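Have a look at the structure below, then the notes.
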Amino acid sequence: MRSELYIDGKWTPAANGRTFDVVNPATEEVIHQIAAATAEDVDLAVKAARRAFDKDGWPKLSGAQRAKYLRAIAEGIRARQAEIARLEVIDNGKPFPEADWDVADAAGCFDFYAGLAEQLDNNPEEPIALADARFTSKAVKEPIGVAGAIIPWNYPLLMAAWKVAPALAAGCTVVLKPAEVTSLTALELAALADDAGLPPGVLNIVTGSGSVAGQAIIDHRQVDKLAFTGSGPVGSKIMAAAARDIKRVSLELGGKSPFVVFDDADIDEAVEWIMFGIFWNQGQVCSATSRVLVQEGIYDKLLARLVEETKKIRIGDGLEDGVLLGPLVSKRQHEQVVAAIEAAKAAGATVACGGKRPEGFDTGYYLEPTVLTDVPLESDAWREEIFGPVVCIKPFSTEEEAIELANDSRFGLAAAVMSKDDVRAERVASAFRAGIVWINCSQPTFTEAPWGGYKESGIGRELGRWGLENYLETKQITRFAAGEKWGWYIK
Ligand code: NAD
């Protein structure tokens, strides 16, 4: 396990020597210590990224040259996949098969953006037809510059990949800060980039708190672009900090995503996708389908099946075989989710199952998967993100009512609909005010497709070609025919 900051191609302790603890959420044991970056460390990282961008030529390399580094990082991740996944489990708590999936996805993300970097070489210029034939014009794409990337703890390596891979592909240089509770795999990413021979300063990883290291990144005048995934309040702070010097900004924030199930749906399939939508990663998923709306004809039957299956979920340390629900990521997160369940109960909700620490789990941040019914529409449980394995389920009667309930949220990250009637499913999909819509499933995420939210769920899109655009500027180059006279002042 690594413990130092990775700045300008070198491993270094924090300027003031401070560290913070790494806690295994399954055991509550302190398993490691990691450097807590200061503003001084961040300044060195940003200056290294600046130099790598402005002087050392990273943006001047061809896309194909940059792609070689990205592919080498992908190879490196795959070569150590199981080991890295294990680190993710002891850091984040998620079950090993999920971590293994994430790590493979992270490698795939580097490969995907290597492909897009190569395409930048093939298709670098777009000619523009101008009305005035004395001029010719073209638009070219260029990297924005130094990107400051700040990520959350729910998909530690994958969120790093979603930002670092497109940024490097575009020709940006990066300073990345992982979440303080899950920094282990981001440091492995730095080690893999180093092994791949990535030039010094192109990727810098500074571990530490949001209020010190994160704040220093967002306040730094030499950072051109801020890419953030995390909570709404921190997203607002980042946008405000970006406003001061007009930094480019992309935000992936929270959600309270609905899942509408019509009464022609297969009940077991619906239950399977509802569970996948809310219990995968202990429900600590921004796009988690946490508000389930079920048409009244099948509501009782579906609820009974959901409760029956939810009670069967095997809870335990993510490293144990067969475990499908690990602990929450931290003591703080556990306390917050338990408080949200208590508040829901106080507001009138009924706990159909779960809602407490599972029996026999006195240590570790464990919580039973929880189904809430009778959740008042105005309560926080229905409106605010809980970010835990807690689903609110409600009956509806008509399609119009379902759409109205689904869209009645300040968030708009994801939504899902299930019906055997394809025309209806498409109609509902287009009525959802959300950036990601699933039909007959919930949560499968693809590197090739755009990811991001409407309304307070964020700004911009990650993944796919949209993810690359996040790190590119558009430049117009217009040429006046040599030898032509303009003739305004000098006739
Ligand atoms: P958070 O906003 O507290 O922290 C996210 C990151 O921001 C961390 O690295 C943290 O250190 C940093 N940070 C905190 N204060 C900062 C500051 N003042 N300046 C700069 N950086 C600062 O969120 P979290 O608790 O890590 O994650 C949970 C939240 O993230 C949930 O609300 C969830 O919806 C959201 N999330 C969204 C997505 C998405 O794709 N939209 C993905 C994962 C998580």
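Note that the structure is a prediction, hence the values are computed from the model and not measured. Whatever order the structure lists ligands and atoms in, that order sets their numbers, starting from 1. Side-chain atoms are counted along with the backbone in the values below, which use heavy atoms only and exclude waters and symmetry mates.
Each of the following atoms of ligand 1 lies closer than 4.0 Å to a heavy atom of Gln215: 17 (C), 18 (N), 19 (N), 20 (C). Atom numbering of ligand 1 starts at 1 in the shown order; those under 4.0 Å from a heavy atom of Lys177 are 9 (O), 10 (C), 11 (O). Against a heavy-atom cut-off of under 4.0 Å, Pro178 is close to the following atoms of ligand 1: 9 (O). Contact atoms of ligand 1 toward Gly254: 34 (O) (distance under 4.0 Å to a heavy atom of the residue). Every atom of ligand 1 with a heavy atom of Ile150 under 4.0 Å away is listed here by number and element: 6 (C), 7 (O), 9 (O), 12 (C), 20 (C), 21 (N).
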Just do the side chain to side chain donor-acceptor pair (under 3.5 Å) check on Asn204 and Tyr6 with the steps written out, would you?
CA-CA 5 Å; Asn204 306 274; Tyr6 184 71; over 6 Å; no
Kindly indicate, with the supporting measurements, whether the criterion side chain to side chain donor-acceptor pair (under 3.5 Å) is fulfilled by Lys177 and Thr207.
CA-CA 6 Å; Lys177 194 199 83 65; Thr207 48; over 6 Å; no
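When distances from atom 4 (O) of ligand 1 to the protein are checked, no heavy atom turns up under 4.0 Å.
Classification of Glu384 and Arg410 as a salt-bridged pair holds, one side-chain N sitting under 4.0 Å from a carboxylate O. Look at Glu320 and Arg314 and you find a salt bridge, because one of the NZ, NE, NH1 or NH2 atoms lies within 4.0 Å of a carboxylate O, short of that distance.
The residue among Glu252, Glu384, Met159, Glu180 with a heavy atom at the shortest distance from atom 11 (O) of ligand 1 is Glu180. Summarising the contacts of atom 6 (C) of ligand 1 with Ile218, Ile151, Leu226, the nearest heavy atom is found in Ile151. In this structure, of Trp153, Phe228, Phe387, the residue bringing a heavy atom nearest to atom 33 (C) of ligand 1 is Phe387. Looking at Asn154, Leu253, Leu251 and measuring to atom 44 (C) of ligand 1, the nearest heavy atom belongs to Asn154.
Between Lys356 and Thr370, the side chains place no donor N or O within less than 3.5 Å of an acceptor N or O (distance only, hydrogens not considered). There is a side-chain donor-acceptor pair under 3.5 Å between Thr289 and Ser442. With 3.5 Å as the limit, one finds no donor-acceptor pair spanning the side chains of Asp91 and Thr182. Defined by atom type and a distance below 3.5 Å, a donor-acceptor pair is missing between the side-chain atoms of Lys345 and Thr350.
For atom 13 (N) of ligand 1, the closest heavy atom belonging to the protein is Gly210 CA, 3.4 Å. Among protein heavy atoms, the minimum distance from atom 1 (P) of ligand 1 is reached at Ser231 OG, 3.5 Å. Counting protein heavy atoms only, atom 20 (C) of ligand 1 is closest to Gly214 C, 3.2 Å.
Taking 4.0 Å as the cut-off, Trp451 counts as a neighbour of ligand 1 on heavy-atom distance. Heavy atoms of Gly452 stay at 4.0 angstrom or farther from ligand 1.
Geometrically, Lys141 does not engage Tyr471 in a cation-pi contact, judged by NZ or CZ lying under 6.0 Å from the ring centre and within 45° of the ring axis.
Where the criterion is an N or O separation shorter than 3.5 Å, residue side chain and backbone included, Gly230 meets it with respect to ligand 1. Among the atoms of Trp162, none of the N or O lies under 3.5 angstrom from an N or O of ligand 1. Considering backbone and side-chain atoms together, Arg332 places no N or O closer than 3.5 Å to any N or O of ligand 1. Looking at Glu385 next to ligand 1, an N or O pair under 3.5 Å apart turns up.
In Lys455, the NZ atom is crowded: over 12 heavy atoms of neighbouring residues, nucleotides or ligands sit closer than 6.0 Å.
Aromatic ring centres of Trp438 and Phe432 lie farther apart than the 6.0 Å criterion allows. Side-chain rings of Trp280 and Trp101 approach one another, their centers coming within less than 6.0 Å.
Contact annotation: for Ala213 versus ligand 1, there are no heavy atoms closer than 4.0 Å. Under 4.0 Å from ligand 1, the heavy atoms of Lys237 that appear belong solely to its side chain.
Arg78 pairs with exactly one of Asp105, Asp111, Asp100 by the salt bridge (Lys or Arg N to Asp or Glu O under 4.0 Å) rule, that one being Asp111.
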